[in-house]
K.L.:
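If you scroll down you'll find the structure; I have some questions about it.
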Amino acid sequence: MIRVEGLSAALPQGQALRDVSLSVARGERLGLVGESGSGKSMLGLALMGMVPDAAQLSGRIALDGQDMTGATEAAWQPLRARKVAMIFQEPMTALDPLVRIGETVMEPLILHLKMRRRDARARALDLLAETGLTEPEAKMRQYPHQLSGGQRQRVLIALALACDPGVLIADEPTTALDAQIALRITDLLVRLSRDRGMALIFISHDLAAVARATERLAVMYGGDLVETGATAEVLANPRHPYTQGLIAARPRPDPAMIRKRLPVIPGTVPTLGDLPRGCRFAGRCAAELPRCAGTRPAPWPTASGQAACHLLEPAP
Amino acid sequence: MRHRASLILGAVLVGLMAAAGLVSLAWTPWPLAEIDVLNKLAAPSAAHPLGTDGLGRDLLSRLMAGAANSLSVAAGAVLLGGGIGTGLGLLASAWGGRVEEALMRLCDLSFAFPALLFAIMLAAAFGPSLLNTGLAIAFINVPIFARVARGAANQVWVRDFVLAGRAAGRGRAAISRDHIVPNIAAPLIVQATIEIATAILAEAALSYLGLGAQPPAASWGRMLAEAQTLLWVAPMQAVWPGLCITAAVLGFGLLGDGLRDWADPRLVRRQA
Ligand SMILES: Nc1ncnc2c1ncn2[C@@H]1O[C@H](COP(=O)(O)OP(=O)(O)O)[C@@H](O)[C@H]1O
Ligand SMILES: [Mg+2]
């Protein structure tokens, strides 16, 4: 469905993505995790042809067999919403305060599917009902400020589903919501993906949500894809030190943990300009070797995927 | 509270002027061109509430007709120039890059020129008439609105709902029309109100110089010019149109100020 090969995104201050290769099969649910600033959103936007003007892309992107490498805005536009759709982190600001809910969801139906307003309205109502929005009929006539965060995220999901895309990219769709609503939205995305055979790229830094929602996992750090594999496998048996740190640092309702301090990955994500030339994690890594900072590790095979770490290099 | 007061006072002044102008289209106390030389420069009386001018024409009637001319030319010019300028500003904002750069440099260039002088040149080049005065004023409004619209639009383009709109497959034109325009309407309306005040002044100046309304049409600027020769004999001839110009300019200025404060979300929040 989606195939990315050697994708890099160069910003004036540094590389937001470096040589990322990844593919997502039809109907597959992929989790994309990593600390903030690791390039998850940039990768999501690249798959929509929507990286900021400042970013120079290189590498290949293919969507549903169609090569989109270097495609123009005009070439991307008809694919958005139809082949690949995206929802964003902040449901409070992702809806135009001056446009009624109904109009928002009807827009792509009229634009892409050339529906008449009557049909578009009926379809929008179905979509809103499908996302579990209560009283969709009344909400169609309301403005965004009249809805809660969870309700707005459902509206945005309905909008993204309007043209029945093959892939839905959900960029931290639950980060701005409280825990219980977040859980429901996560389950909704999984159900929609199953029902529709729609691939889902679920971007999150909540490992529990990713474990619940996805089959395959990709871990990003500093613009690199550091580890991929089956979600359960990677979480149970992480091979990359960064993944191990990420899993150790996640909050757990574990009684034994309550009095202890939560382990954290030492240091903070360096800014783009300060990333090491070799492994991006060098400098924060507990198991660092002398060559890590200078030489980029190759991706080595793991049980269900790959991890890019010098420690995994087979002994000669 | 202060903005409430200027909003109300501005609306009242503008309303009065607009009403007088509108009424003049259907009815004036005396026919506008009725000359009565025997009765020239008459003092206020029951028949002529503000007296008559140097040709014995009813002053109140001519002031009312002047309101119609001044306001319609000023508002029409701002609407036309503002519409074109807004369109260009939206274009610059939506396309960015070199298009934006070029358009904004053109605006800067036009701001380097005194606007009124430019309008005088244009009106003189087109030939003296009220319509040409309006076109000249419209012209100087184009860069003003291009700049305001582009600035406001650039702030809307970076908002999340625009990103969501693009993700839904909308193009730049559709986003500009459905999301940018409604979200920049408030500052544009405020700007337009303030620019109408400036345009009234410009129209008066051009008509005073003989480039605008031509006799026998009534216009405040024109009336000022006609009163000039009589200033020592009949000072009220100049006072009345002067007062009208002042009131109209002040009215639109206050209205614009009041609207701006009213539309400013920060002020609204502070009050809540
Ligand atoms: N519009 C932009 N202009 C400049 N830098 C950006 C822009 N968007 C993202 N970046 C930079 O790109 C890097 C990756 O950001 P992002 O993809 O948003 O990370 P994530 O989604 O994983 O938190 C960050 O260092 C961020 O500062
Ligand atoms: Mg992000």
Side-chain angles (χ1 to χ4, degrees), chain A residues 41 44-45 47-54 72-74 76-100 103-113 143-144 152-153 155-163 165 167-171 176, chain B residues 86 90-104 149-190 259-260 262-269 271-272:
Chain A
S41 296
L45 290 173
L47 299 177
M48 296 286 292
M50 281 177 31
V51 292
D53 290 337
T72 59
E73 174 76 11
W76 272 107
Q77 205 186 305
L79 302 194
R80 296 184 193 140
R82 286 206 283 196
K83 287 211 165 141
V84 51
M86 187 160 181
I87 57 176
F88 301 92
Q89 176 170 346
E90 207 27 272
M92 303 312 271
T93 53
L95 288 166
D96 188 337
L98 302 180
V99 180
R100 291 175 203 270
E103 295 292 328
T104 296
V105 182
M106 284 160 64
E107 272 179 12
L109 297 168
I110 294 168
L111 174 74
H112 290 294
L113 306 183
Y143 287 94
R152 288 190 215 190
Q153 197 58 288
V155 171
L156 287 161
I157 292 171
L159 171 65
L161 294 179
C163 300
V167 186
L168 175 62
I169 302 168
D171 189 356
Chain B
T86 300
L90 285 170
L91 205 74
S93 177
W95 263 264
R98 251 174 255 148
V99 178
E100 183 170 20
E101 195 63 24
L103 268 168
M104 288 308 119
R150 175 236 176 207
N154 278 354
Q155 288 182 17
V156 182
W157 270 100
V158 299
R159 289 174 64 179
D160 283 356
F161 59 77
V162 169
L163 202 63
R166 287 183 63 205
R170 316 213 80 203
R172 289 188 255 238
I175 288 178
S176 292
R177 187 189 62 221
D178 297 344
H179 297 293
I180 310 295
V181 169
N183 280 287
I184 65 171
L188 286 178
I189 289 169
V190 170
L259 284 175
R260 175 173 42 211
W262 184 58
D264 187 339
R266 276 165 305 171
L267 276 179
V268 173
R269 211 172 300 140
Q271 270 197 339

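Computed from a predicted model, the values in this text were never measured in an experiment. Chain naming here is simple, since letters A, B, ... match the order of the sequence lines and numbering starts at 1 in each.
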K.L.:
If you count heavy-atom pairs within less than 4.5 Å of chain B, which of A:M48, A:M92, A:R80 leads?
P.N.:
A:R80
K.L.:
In terms of heavy-atom pairs under 4.5 Å with chain B, which of A:P97, A:A85, A:A74, A:P144 leads?
P.N.:
A:P97
K.L.:
Pick whichever of A:T93, A:D53, A:D96 has the most heavy-atom pairs under 4.5 Å with chain B.
P.N.:
A:D96
K.L.:
Could you grab the distance from atom CD of B:E100 to atom CZ of B:R150, nearest 0.5 Å is fine?
P.N.:
4.0 Å
K.L.:
Is there a donor-acceptor pair closer than 3.5 Å between any side-chain N or O of A:E73 and the backbone N or O of B:R172?
P.N.:
no
K.L.:
Is chain A contacted by the side chain of B:R159, its backbone, both, or neither, given a heavy-atom distance below 4.5 Å?
P.N.:
side chain
K.L.:
Given a strict heavy-atom distance threshold of 4.5 Å, which part of A:Q89 is in contact with chain B: side chain, backbone, both, or neither?
P.N.:
neither
K.L.:
State, with a plain yes or no, whether a side-chain heavy atom of A:L159 is found less than 4.5 Å away from one of A:I87.
P.N.:
no
K.L.:
Please look at A:L95 and chain B and tell me whether the side chain, the backbone, both or neither of the residue comes under 4.5 angstrom of a heavy atom of that chain.
P.N.:
backbone
K.L.:
Is chain B contacted by the side chain of A:Q77, its backbone, both, or neither, given a heavy-atom distance below 4.5 Å?
P.N.:
both
K.L.:
Does A:E90 come within less than 4.0 Å of A:R152, counting only side-chain N to carboxylate O?
P.N.:
no
K.L.:
Say whether, by atom type as modelled, one donor and one acceptor occur between the side chain of A:H112 and the main chain of B:A168 under 3.5 angstrom.
P.N.:
yes
K.L.:
Given the rule in the side chain to side chain contact (heavy atoms under 4.5 Å, CB included) test, do A:V99 and B:F161 qualify, once you have shown the distances and angles that lead to the verdict?
P.N.:
CA-CA 10 Å; A:V99 180; B:F161 59 77; over 6 Å; no
